[in-house]
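The structure under discussion appears below in the form of structure tokens.
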Amino acid sequence: MPISIYMANIFMRVKSAGANIFIAALSLFSASIFAQTQAYTPGSRAVILETLPDTRDAASKLRAQRRALEKNPRDVEAVTAFARAAITLGRAEQDPRYFGYAQSALAPWLGDSSFGNESLLIPESIRLLRAIIAQWRHDFSSAENDLNKLVNSRDRDIANQAHLTRATLALARGNPDAALRDCAALIGQAETIVSGSCIAGANSLRGQGQASLTELKNFIAQADADTTTEIILWATTQAADVADRLGHKNTARKFYEIALERARDDDVRDIYLLTAYSDFLLDPFSPQQSIRNASIDDARHAISLLQGLELIDNILLRRALAERKLAANGDEDAAKQLTIHTRWLAERFAATRARGEVAHQREEALFELLLNRNLARALQLAQSNWTVQREPIDARLLLSAALANRKPEAAKDLFAWMRSTQIEDAYLEALLHTMESTTHL
Amino acid sequence: MTSIKASIRSHLFVRSIAALLMLLVTELAQAHQGSTSYLQLRSEGLKLYGHWDIALRDLDTAIGLDADGDGALTWGEVQDAQVSIISYALAHLSISGNRDACELKSDALQITEHNDGNYAALTLSGYCAQPPRDLEVRYTLLFDIDAMHRGLLNLDFQGGHSAIFSPERMHIEFGAESTNANIAVDYFRAGIFHVWTGFDHLLFLIGLFLPAVLRRRDGVWVAASAFSLAFREVVILASLFTLAHAITLTLSALGIVALPTRWVEAAVAATVLFTGINNLWPMVYRGLRVLAIGFGLIHGAAIAGVLTELGLPLGNRLLALATFNAGVEIAQLLFLAGIMVPYFITRNQRWYRRWMFVPTSTCIAAIGFLWLLQRTFSPPFF
């Protein structure tokens, strides 16, 4: 049954800020979201319909914690513990439901529509959690609002976490100067490797790449047995990323492999590391023509790294990009897989759009640009993404999309940003070079 | 420096930073998708038809389906939980036509497969009291557990509509442009309805007006002698109460004054309690008028809460508010008229005091006390 949407006939109380997103989401609403598969009655009672998530008992621990919460929904410590556990699990499994669970646990202080206003006194740990979840959702301005109130907390721990979170937020928005200020606030308050890596990371995006790389190398070398795996992985991945941007590919590869090995040794699954390394191996923005043997090996290496994680959209995207490379080189199996995975990705993006979420524009733009080849839509998404996020990959994406559409002026904002941050990025430079030679800038 | 190092390395802090780092660098990637349910509804005349797909995984989280706890959900387990699933689902969905609740039920449960797993597929059917001019859907499924759950609605009612339910938007209206006449009628009826079902309010009125037909003389209640005097007193009290009531109702509903619901509900209970007690041990009898005003202000704020839930239409808020107010006041006055008749007739009887006045007041005080306890210490549902 075709669905037409009568906007004027819908009465709703919509806060104007959300209206545009809402309307945009609805206009992209497709009937295919609703079950095209028929409802059926399974043949026997023994048929298994769903395997419930079981991550080494973490999920069942979470259930027990939630039951305890039901008795005391306003117990700050219990809620904080539950929310943190949920968020950790959500991150490990890359499963948004857990973030939803965490957010509902915060409801007694944050209010919900039926009861109205939020409590006047939100405990700091609750506010911090709200900021973390908002940041994860890419609602950067809400996160910043909360963090601004937390950085001056008398609780040193909260203040430090707020500074670190705000620094990460600033980097996500392409503001390394602001990030530097927050990183500097951690000096003497946190382990040297933490404050140091934070500062180096910020500096690497403000034109001091080489110095930052040296610093990061030192921190990693000086890390002792007390330093947790998470921190080591973070610092090492950063080092790899900086080296990569400076064009030191061998160094980058070395650090990525070191990080991988450490993650394997300590049995830690680091999705960020996997996607960053895959991006390095796949070099998705380089012109297709330059496919050498080495890059085929890299593509295979990427696929092996991402094995078994295809439920995760970001991973599936990289996998499909790897298959694209192999298929272009004549691998027929890869070509078949590519078709299937491209369809899966299209369905997943449609589903998240149907939910009214707009936080996946980067991934969707990559998909449209590199796999689906809807160039106009890719550019639109890349530009929209640029208004929210400004990490190096977002810059490369925008420039690439502008190039593909032969519209260099679409990346106007980008050039100004590059000048003001003095960012060093070999990929951006390569794309700029291509742009100059093709359009005679 | 050593002491700082010591505190920096304190286990808890290091762990929290490490944990935080891992939370921060993650990108928004989805293994599985966010929790979504798919609701299709069709309105045809009086009848309602629909389907509702709810993820088995979500149902398991909400009400527990894995009876043997082995982590594998079988059709047998789902079948056994069918009644619970249906009642849980229907408890979180309500549909109203012209502001009148429609009946909704589900008889059948099957399975449907979506992108991210198997869903329980409920077949819905129902009816409204009259063919709806406008339809209002209220959806609250899973929001208390998962703030990122979304309900996707496809509605066939005077054309096709799509909507997304979320914790920020649990209630959506669809329908033809409400004419002024429609608004006036609907809200007037709603006003009357909510007075008749507002038991705390009614109890308060009963208690307040019981002594209206009496006079205090020498520390004792005696029947007011002249009918006209008693009647006049009642009219004055009722008018003052109505006026005060209308004032706060208007101010609260328009958002000019916003009192926390919990406080208001508890205050209403307190007024009931006080009224009951005051009848038995009069603390205020000459000042009954002041009481009527003061308590009227409180009750007005309380019923404004109802109006907020109903929602005022985007166009013509004032008309809706005015007619709601009118419905409330007229219903109140009718009720008062109703109870005043027996009061008047029996006020001269000896047994009025003993068998009507005292017991009723005692009950009112007792109930008011219970409500006060409930409302002060638990969510404002009562």
Side-chain angles (χ1 to χ4, degrees), chain A residues 3-6 10-12 26 29 34-35 37 39-42 45-52 54 87 91 93-97 99-101 103-104 112-113 115 132 136 138 157 161 164-165 168 188 190-191 194 226 228 230-231 234 271-272 311-314 347 351 354-356 359-360, chain B residues 4 8-9 13-14 16-18 20-36 38 40 53 56-57 60 66 71-76 78 110-115 117-118 121 144-150 152 154 159-162 164 167-168 170 172-174 261 314:
Chain A
I3 293 170
S4 49
I5 299 169
Y6 296 101
I10 297 178
F11 296 160
M12 59 191 95
L26 283 189
F29 216 1
F34 283 77
T37 60
Y40 68 98
T41 303
R45 281 178 62 92
V47 171
I48 293 181
L49 296 174
E50 191 85 3
T51 309
L52 300 171
D54 162 49
I87 292 172
R91 194 228 137 241
E93 295 301 301
Q94 291 293 299
D95 189 339
R97 273 183 169 85
F99 287 88
Y101 300 160
Q103 189 163 327
S104 347
D112 63 54
S113 340
F115 296 150
I132 290 171
W136 172 84
H138 290 199
D157 196 23
Q161 291 183 66
L164 191 53
T165 312
T168 313
E191 280 184 84
V194 172
D226 272 346
T228 61
E230 287 87 357
I231 294 177
W234 175 61
I271 303 295
Y272 176 65
L311 277 178
I312 299 169
D313 290 2
N314 267 9
E347 283 171 3
R355 280 168 55 86
H360 311 262
Chain B
I4 295 178
I8 288 172
R9 286 176 183 280
F13 171 67
V14 168
S16 67
I17 282 288
L20 181 69
L21 280 176
M22 300 324 280
L23 299 179
L24 295 182
V25 298
T26 190
E27 313 209 355
L28 181 67
Q30 301 184 153
H32 317 272
Q33 287 159 197
S35 166
T36 312
Y38 303 90
Q40 302 205 65
D53 292 353
L56 287 177
R57 185 176 158 193
D60 177 68
D66 188 16
L73 221 55
T74 62
W75 172 233
V78 174
Q110 292 183 295
I111 298 294
T112 297
E113 196 177 327
H114 282 261
N115 232 355
N118 276 320
D144 56 335
I145 297 174
D146 184 345
M148 291 182 195
H149 173 77
R150 297 290 181 264
L152 302 192
N154 246 359
H161 307 271
S162 306
I164 304 174
E168 293 76 38
M170 292 193 274
I172 305 181
E173 294 176 41
F174 305 89
T261 325
L314 289 180

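Residue numbering restarts at 1 for every chain, and letters A, B, ... go by the order of the sequence lines.
We find the CG-CD distance between A:D313 and A:Q94 to be 9.5 Å, quoted to the nearest 0.5 Å.
For B:A147, the parts lying near chain A are the backbone and the side chain together; criterion is any non-hydrogen pair under 4.5 Å. The contact between B:I111 and chain A is made by backbone and side chain atoms together, counting heavy-atom distances below 4.5 Å.
Heavy-atom pairs under 4.5 Å with chain A were tallied for B:D144, B:D60, B:D66; the largest tally goes to B:D60.
For B:S35, the side-chain contact (heavy atoms from CB on, under 4.5 Å) partners at least two apart in sequence or on another chain are A:R97, B:D58, B:L142, B:D146, B:H149.
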Task: Derivation of the side-chain contact (heavy atoms from CB on, under 4.5 Å) call for B:N154 and B:Y38 - done: CA-CA 8 Å; B:N154 246 359; B:Y38 303 90; over 6 Å; no
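Not a single donor-acceptor pair under 3.5 Å links the side chain of B:S162 to the backbone N or O of B:G160.
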